[in-house]
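In what follows, chains carry the letters A, B, and so on, assigned in the order in which the sequence lines appear, proteins first and then strands, with residues in each chain numbered from 1.
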Number of protein chains: 2
Amino acid sequence: MTGTKAGQPAGEAKPRRRQARGERRIQQLLDAAANVFCRTGYASASTNAIAREAGVSPGTLYQFFPNKEAIAVELGERLTHQMREAHGVLFTPEYASLPLGEMLDAVVDPMVEFNCQNPVFLTLIHSGDAPGIMTEDHDALHVALQARLEELIGLIQPELSAERRTRTATMVFSLFKAGLELVLSHEGEEQAAYIEELKASLHGYLAPIIGTQAPSRTP
Amino acid sequence: MTGTKAGQPAGEAKPRRRQARGERRIQQLLDAAANVFCRTGYASASTNAIAREAGVSPGTLYQFFPNKEAIAVELGERLTHQMREAHGVLFTPEYASLPLGEMLDAVVDPMVEFNCQNPVFLTLIHSGDAPGIMTEDHDALHVALQARLEELIGLIQPELSAERRTRTATMVFSLFKAGLELVLSHEGEEQAAYIEELKASLHGYLAPIIGTQAPSRTP
DNA sequence: GGCAAACACGAGCGACCGCTCGCATTTCCA
DNA sequence: TGGAAATGCGAGCGGTCGCTCGTGTTTGCC
């Protein structure tokens with residue numbers, strides 16, 4: 001084995017030593033990338049534009065990232081990690097015992113909050129335009145979130161077949177993304193109203209499935 | 001007035017005379033564009049690739065379209081027209097008197113059918129990646145569809161405030177798009193199942209709003 | 001203080017893209 | 001049937017993009 005340092009499996013050789021300045025630059029570049037991605041989408045965002053937004057030269061950008069995709073991947077990883085630690089292991093089993101309305105509050109509110117503060121998250125998840133972007137990272141997050149959802153649904157309503165549970169989780173995930181987009185594209189009172197609509201739609205979809213009759217809203 | 005022909009307002013000068021061969025080429029190019037757009041999205045689709053798919057040279061493509069955007073616009077216009085005439089003026093007022101479940105069948109089924117046969121429609125509507133694409137055509141369709149929806153909702157439940165009605169229509173439109181995506185990404189029995197889920201979600205969302213209590217589905 | 005490594009720069013390379021242009025071929029009609 | 005217009009071709013122009021490389025500067029460690 002030709003390990004450069006102790007404990008390195010010598011498979012991929014990239015443990016470049018970073019200075020504090022470098023770490024700062026990386027954060028700067030990721031922030032800039034988030035802005036540019038939000039503004040123009042992943043495919044249309046040019047690395048030169050990201051470097052310019054960060055106030056550095058193109059060469060400097062490539063000192064820290066091997067290519068454009070790596071920027072999105074690292075950004076996605078940091079956001080994922082941030083989301084996980086901000087709200088713990090999201091929707092833990094104890095949520096299963098809550099009434100549907102309260103459970104939706106407990107799950108939807110933090111999710112909306114996070115996505116409002118990090119709009120680039122939805123942009124990255126939603127970008128099917130890139131070549132093979134996020135093939136492992138975004139998919140990993142997607143699968144993980146959906147597995148949690150399936151798990152939760154299984155706890156609430158164990159009589160559902162496996163296929164039905166998967167379909168339900170997929171559907172909830174998709175509906176949530178759609179509603180989230182509307183929430184993010186509005187502000188102030190309208191935004192708050194769309195958050196309520198999002199919850200109402202999820203409630204309306206899930207109530208008949210998990211077998212809890214809910215009080216109807218006043219029109 | 002410097003009109004080239006009779007009745008031409010002389011503002012835009014482009015009434016080029018087409019032969020039957022040209023019309024055939026145009027249809028060929030639009031079909032090819034639909035394929036390429038579906039495969040790679042609008043932004044990543046190159047005009048050279050569209051020409052190659054159609055079996056013609058790049059120069060020939062630009063004999064019939066002034067630029068790349070015009071291809072998408074013309075494609076969108078043809079699809080819109082096709083949709084309108086295929087299902088009449090979609091969801092006419094008489095639907096308002098139907099029970100919610102039947103109304104959803106009457107509206108959702110033809111829409112799903114059309115989008116299954118023309119998957120490029122969703123691709124074009126969904127592509128926010130292009131510079132200023134569809135700024136008049138796609139928006140016109142969006143606004144028109146949403147206006148119809150608002151109208152229908154107003155007929156069913158006249159007590160809703162204008163803002164609430166708009167929000168509801170926007171929400172339904174968005175939820176529908178999300179469900180449609182899931183439907184299009186599956187086949188056979190799974191696809192049929194997701195169509196039911198789509199209807200169920202719309203039913204669940206709308207039932208409390210329009211004040212008709214619906215029979216709950218068996219889980 | 002010296003020196004290797006990390007950091008920073010920015011002109012520019014090669015690839016690709018939307019699109020053009022000069023020219024050949026086919027079609028329509030007087 | 002002659003010729004104007006419509007159609008067809010494909011090399012290639014100007015531009016942008018992702019990315020490189022040679023070179024100079026800053027930092028951490030002895």
Side-chain angles (χ1 to χ4, degrees), chain A residues 4-5 8 13-33 36-37 39-75 127 129-134, chain B residues 4-5 8 13-33 36-37 39-75 127 129-134:
Chain A
T4 54
K5 293 276 182 177
Q8 208 71 355
K14 275 224 174 180
R16 181 125 169 233
R17 192 164 168 284
R18 310 241 88 116
Q19 303 179 348
R21 193 176 24 148
E23 298 290 353
R24 250 181 287 129
R25 276 271 180 266
I26 289 179
Q27 191 57 52
Q28 221 174 91
L29 284 163
L30 289 176
D31 291 344
V36 178
F37 287 159
R39 217 179 300 139
T40 66
Y42 172 80
S44 304
S46 84
T47 55
N48 288 12
I50 294 173
R52 204 181 315 122
E53 174 98 8
V56 303
S57 80
T60 297
L61 186 152
Y62 283 93
Q63 197 90 31
F64 302 102
F65 298 99
N67 51 51
K68 178 179 170 180
E69 184 174 341
I71 303 173
V73 169
E74 176 67 24
L75 192 54
S127 72
D129 47 2
I133 191 185
M134 316 260 98
Chain B
T4 54
K5 295 271 183 180
Q8 208 69 355
K14 276 226 174 180
R16 183 131 167 224
R17 196 171 162 279
R18 295 260 174 248
Q19 302 180 351
R21 195 176 20 147
E23 299 290 352
R24 250 182 286 128
R25 275 273 179 265
I26 289 179
Q27 191 57 52
Q28 222 174 89
L29 284 163
L30 288 177
D31 290 344
V36 178
F37 287 160
R39 218 180 299 139
T40 67
Y42 172 80
S44 304
S46 84
T47 55
N48 288 12
I50 294 174
R52 204 181 315 123
E53 174 99 9
V56 303
S57 79
T60 298
L61 186 151
Y62 283 93
Q63 198 89 29
F64 301 102
F65 299 99
N67 51 51
K68 179 179 171 180
E69 184 174 341
I71 302 173
V73 169
E74 177 66 24
L75 192 54
S127 72
D129 47 2
I133 190 183
M134 316 261 97

Q. Within this structure, what is the CD-to-C1' distance between B:Q28 and D:dT7, rounded to whole angstrom?
A. 13 Å
Q: Could you tell me whether the side chain of B:N48 has a donor or acceptor atom within less than 3.5 Å of a complementary atom in the base of C:dC16?
A: no
**Q.** Interatomic distance where CZ belongs to B:F65 and P belongs to C:dT20 [whole Å]
**A.** 15 Å
Q: Check the distance between D:dC17's C1' and A:L61's CG and give it to me in whole angstrom.
A: 13 Å
(Q) Tell me whether the side-chain N/O atoms of A:R25 come closer than 4.0 Å to OP1 or OP2 in C:dA8. (A) yes
(Q) Using 0.5 Å steps for rounding, measure from the NZ atom of A:K68 to the CD1 atom of A:I50. (A) 7.0 Å
**Q.** Interatomic distance where CD1 belongs to B:I50 and C1' belongs to D:dG10 [whole Å]
**A.** 18 Å
Q) Hey, is the side chain of B:T47 poking within less than 4.0 Å of OP1 or OP2 on C:dG18, counting only N and O atoms? A) yes
Q) Taking atom C1' of C:dC7 as reference, at what distance in whole Å does atom CD of A:Q63 sit? A) 6 Å
Q) Base, sugar-phosphate alone, or nothing: which one does B:A45 contact when heavy atoms must sit under 4.0 Å apart? A) sugar-phosphate
Q: Begin with the C-alpha distance, continue with both residues' side-chain angles, and end with the deciding distance and a verdict on side-chain contact (heavy atoms from CB on, under 4.5 Å) for B:F64 and B:I71.
A: CA-CA 9 Å; B:F64 301 102; B:I71 302 173; over 6 Å; no
(Q) Minimum heavy-atom separation for B:A51 and B:L61, please, with both atom names. (A) N-CD1, 3.9 Å
Q) Nucleotide by nucleotide, 5' to 3', does protein get under 4.0 Å of the base (B), only the sugar-phosphate (S), or neither (-) in nucleotides 20-30 of chain D, counting heavy atoms? A) BB----BSSS-
(Q) How many whole angstroms separate atom CZ of A:R52 from atom P of C:dG10? (A) 13 Å
**Q.** Reported CG-to-CD1 distance for the pair B:D31 and B:I26, which is rounded to 0.5 angstrom
**A.** 12.0 Å
Q: Measure the distance from CD on A:E69 to P on D:dG18 and round it to the nearest whole Å.
A: 13 Å
Q | Check: B:R24/B:Q27 side-chain N/O donor and acceptor closer than 3.5 Å | A | no
Q: Take the protein atom CG of B:N67 and the nucleotide atom P of C:dC17, then report the distance between them rounded to whole Å.
A: 17 Å
Q) B:T60 side chain to B:V56 main-chain N or O, any donor-acceptor pair under 3.5 Å? A) no
Q.
Could you go through A:L30 and A:F65, starting from their C-alpha distance and side-chain angles, then the distance that decides it, and tell me whether this counts as side-chain contact (heavy atoms from CB on, under 4.5 Å)?
A. CA-CA 10 Å; A:L30 289 176; A:F65 298 99; 3.8 Å; yes
